[in-house]
Amino acid sequence: MTHTDSASPAPAAEIETEDHVALGEDYALTASFVEKVVDAADDGDGMRLRGLLEDLHPADVADLMGFLTSEHRAVVVQWLPPELLADTLPELDDGIREEVLERVPHLTLAEALQELDSDDAAAVVEDLEDDQREKVLAAMPEGDRAAIESSLGYPEDSAGRLMQREVMAAPLFWNVGDTIDHVRRQGEDLPELFFDIYVVDPLNRPVGGVAISRLLRAPRETPLSELMQPVNAIDVDVDQEEVAYIFEKYNLISAPVVDTGGRLVGQLTVDDIVHIIQEENREDILRLAGVSDEDRASGVFEIVRGRVPWLGINLFTAVLGAGVIAFFEGTIEQIVALAVLMPIVSAIGGNAGTQALAVTVRALATRELTSSNAVRTFWREMMVGLVNGLVLSPLIGLAAGVWFQDWRLGAVIATAMILNLLVAATVGVLTPLTLSKLKFDPAVSSAVFVTATTDFFGFLIFLGLATIVLL
């Protein structure tokens with residue numbers, strides 16, 4: 001019988017398998033895998049780094065870069081295979097991507113960009129410094145360079161900047177067989193991802209689209225004109241937020257992009273739009289909190305610079321609230337219980353205002369709230385505020401009356417809460433509506449204004465009523 005020593009080294013195959021267990025059950029990188037990458041980078045073991053990284057999805061490589069220090073990123077990026085580097089660059093956070101791009105030789109970068117669709121390549125080139133951009137573009141084939149330069153010529157965050165120029169089109173007079181044969185002949189020139197064949201007229205204007213699944217089911221002799229469906233063509237200068245709305249509203253997988261003359265110049269696909277929707281939602285959430293878009297690569301000074309202005313505005317609005325309290329200083333000196341209870345009124349009003357604000361901003365973003373139903377929405381939120389007040393005010397009124405043995409005080413805080421909830425509903429709806437009407441982003445400063453207003457009026461109503469009723 002052969003005895004196996006339990007302390008003997010594991011077979012090489014088992015070690016390799018352990019190295020490649022990168023993701024946990026929640027699709028997040030495991031701490032042990034990140035530690036292996038760090039150890040390999042510290043040892044300068046490039047072959048082990050390549051072995052660890054080569055089977056990772058580009059999105060996981062991008063996630064890994066966020067967990068590493070700048071020094072470790074500099075080592076890791078040197079050992080990424082060109083194809084993996086190309087697919088990883090569009091996935092990186094903006095700050096990290098800029099740092100990584102500084103460390104990639106321009107010839108290597110030019111080679112990597114040729115592996116990407118024109119939209120992703122343009123997004124990467126956009127982050128390059130001017131001198132590096134010139135070197136990279138000069139090292140690329142003329143066709144790829146022209147496609148990227150053309151994309152960069154469109155406004156930032158427009159459909160023209162987002163679109164990929166690789167697109168499959170067929171003339172109106174072709175049939176299914178002609179189209180399939182044409183697609184097969186394209187070989188490597190095919191777009192990496194496409195869902196529809198766009199049918200164009202002699203002026204290259206899209207007149208319809210045929211889904212690949214529909215095309216493959218039809219007999220070869222079937223004319224495209226019998227299969228095609230209407231398409232939602234998007235102008236090159238349409239803002240990305242509008243593009244995301246069109247995709248979401250009409251449940252699109254892809255859409256053709258046309259120039260000012262209506263000619264087909266590219267396409268947008270759902271993978272790009274999911275990214276845009278997430279970006280817009282994240283941006284709105286951050287703006288409601290009064291902070292900028294920070295990523296894992298942001299430095300302390302950069303974060304402070306983004307937050308200080310809003311904290312300054314909050315400081316100013318807090319002084320206004322303090323001014324109201326100071327005005328009723330005499331009342332508070334005579335009835336100390338008011339100092340204990342008044343934060344309750346302002347806090348409940350602030351929360352209610354934030355609720356109404358969040359619902360309104362979301363409705364504006366999804367086009368569910370327009371001038372046609374704005375009045376109805378306003379009165380609905382007012383009724384919600386009133387009912388909330390009628391439910392909560394007896395509770396706080398009873399508690400205050402029992403606590404301080406003064407039923408008049410209970411009635412004052414109950415009334416103040418109802419009135420402040422109505423104020424909260426009013427400003428929570430009207431503030432974003434007004435900002436939107438004035439062509440400002442309603443998510444930017446609404447939260448600060450709503451909180452300031454509910455604090456100001458909460459103190460004013462409560463202390464004013466107390467002065468009238470109790471003194």
Side-chain angles (χ1 to χ4, degrees), residues 281-294 303-328 332 338-365 369 374 377-378 380-389 391-393 396 413-438 440-466:
N281 288 341
R282 179 181 61 191
E283 185 179 89
D284 286 346
I285 290 171
L286 290 172
R287 284 179 170 178
L288 279 172
V291 297
S292 59
D293 191 1
E294 303 157 3
I303 294 174
V304 170
R305 185 176 58 186
R307 297 185 187 183
V308 161
W310 293 106
L311 292 176
I313 294 173
N314 280 332
L315 179 61
F316 174 74
T317 57
V319 170
L320 291 179
V324 174
I325 296 173
F327 182 79
F328 290 99
I332 297 173
L338 297 178
V340 178
L341 296 176
M342 65 183 181
I344 299 175
V345 178
S346 64
I348 296 297
N351 286 333
T354 301
Q355 290 175 342
L357 171 65
V359 170
T360 304
V361 170
R362 176 194 171 277
L364 286 169
L369 178 57
T377 300
F378 171 75
R380 184 192 65 185
E381 288 298 328
M382 289 291 287
M383 289 302 300
V384 169
L386 178 61
V387 173
N388 284 338
V391 170
L392 296 175
S393 60
I396 187 60
I413 192 172
T415 304
M417 180 168 291
I418 293 174
L419 294 177
N420 201 30
L421 286 174
L422 291 175
V423 170
T426 301
V427 296
V429 175
L430 293 185
T431 299
L433 276 175
T434 302
L435 289 173
S436 178
K437 193 72 174 178
L438 297 174
F440 292 109
D441 188 340
V444 174
S445 56
S446 296
V448 175
F449 184 80
V450 168
T451 303
T453 304
T454 53
D455 284 350
F456 182 88
F457 281 99
F459 294 143
L460 180 64
I461 293 170
F462 179 54
L463 296 176
L465 285 174

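Note that the structure is predicted; figures quoted are calculated from it, not measured.
- Rounding to the nearest 0.5 Å places CG of Leu392 at 6.5 Å from CG of Leu421.
- Inter-residue side-chain proximity for Thr360 and Leu369 is flagged as met; some heavy-atom pair is nearer than 4.5 Å.
- Residues Val384 and Gln355 form no side-chain contact, since every pair of their non-hydrogen atoms from C-beta on lies 4.5 Å or further apart.
- Atom-to-atom distance recorded for Leu357:CG and Glu381:CD is 10.5 Å, nearest 0.5 angstrom.
- In this structure, the side chains of Leu419 and Phe462 stay at 4.5 Å or more apart for every pair of heavy atoms.
- Contact annotation: the side chain of Phe459 never approaches that of Val345 to less than 4.5 Å [non-hydrogen atoms, C-beta and beyond].
- The nearest pair of heavy atoms linking Ala416 to Leu465 is N-CD1, 4.0 Å.
- A distance of 11.0 Å separates CD1 of Ile325 from CG of Leu338, quoted to the nearest 0.5 Å.
- Checked options Val423, Ile461, Val324; the residue passing with Phe456 is Val324 (criterion: side-chain contact (heavy atoms from CB on, under 4.5 Å)).
- Going from atom CD1 of Ile413 over to atom CE of Met417 covers 5.5 Å, rounded to the nearest 0.5 Å.
- Within the 4.5 Å cutoff, side-chain heavy atoms of Ile332 are placed close to those of Leu463.
- For the pair Val429/Arg380, no side-chain contact is recorded, criterion being any heavy-atom separation below 4.5 Å from C-beta on.
- At distances below 3.5 Å, at least one donor-acceptor pair connects side-chain atoms of Thr434 with backbone N or O atoms of Leu430.
- In this structure a side-chain-to-backbone donor-acceptor pair under 3.5 Å is missing from Asp455 to Gly321.
- For the pair Ile418 and Thr415, the minimum side-chain heavy-atom distance is 4.5 Å or more.
- Of the possible polar contacts, one joining the Ser346 side chain to the Pro343 backbone as a donor-acceptor pair under 3.5 Å is found.
- For the atom pair CG of Leu460 and OG1 of Thr453, the computed distance is 12.0 Å after rounding to the nearest 0.5 Å.
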Legend entry - Leu422 vs Leu386, side-chain contact (heavy atoms from CB on, under 4.5 Å): CA-CA, chis, key distance, verdict: CA-CA 6 Å; Leu422 291 175; Leu386 178 61; 3.9 Å; yes
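- Among all heavy-atom pairs drawn from Ala424 and Ala356, the shortest one is O-CB, 4.4 Å.
- Without hydrogens or angle criteria, Thr454 side chain to Thr451 main chain gives a donor-acceptor distance under 3.5 Å.
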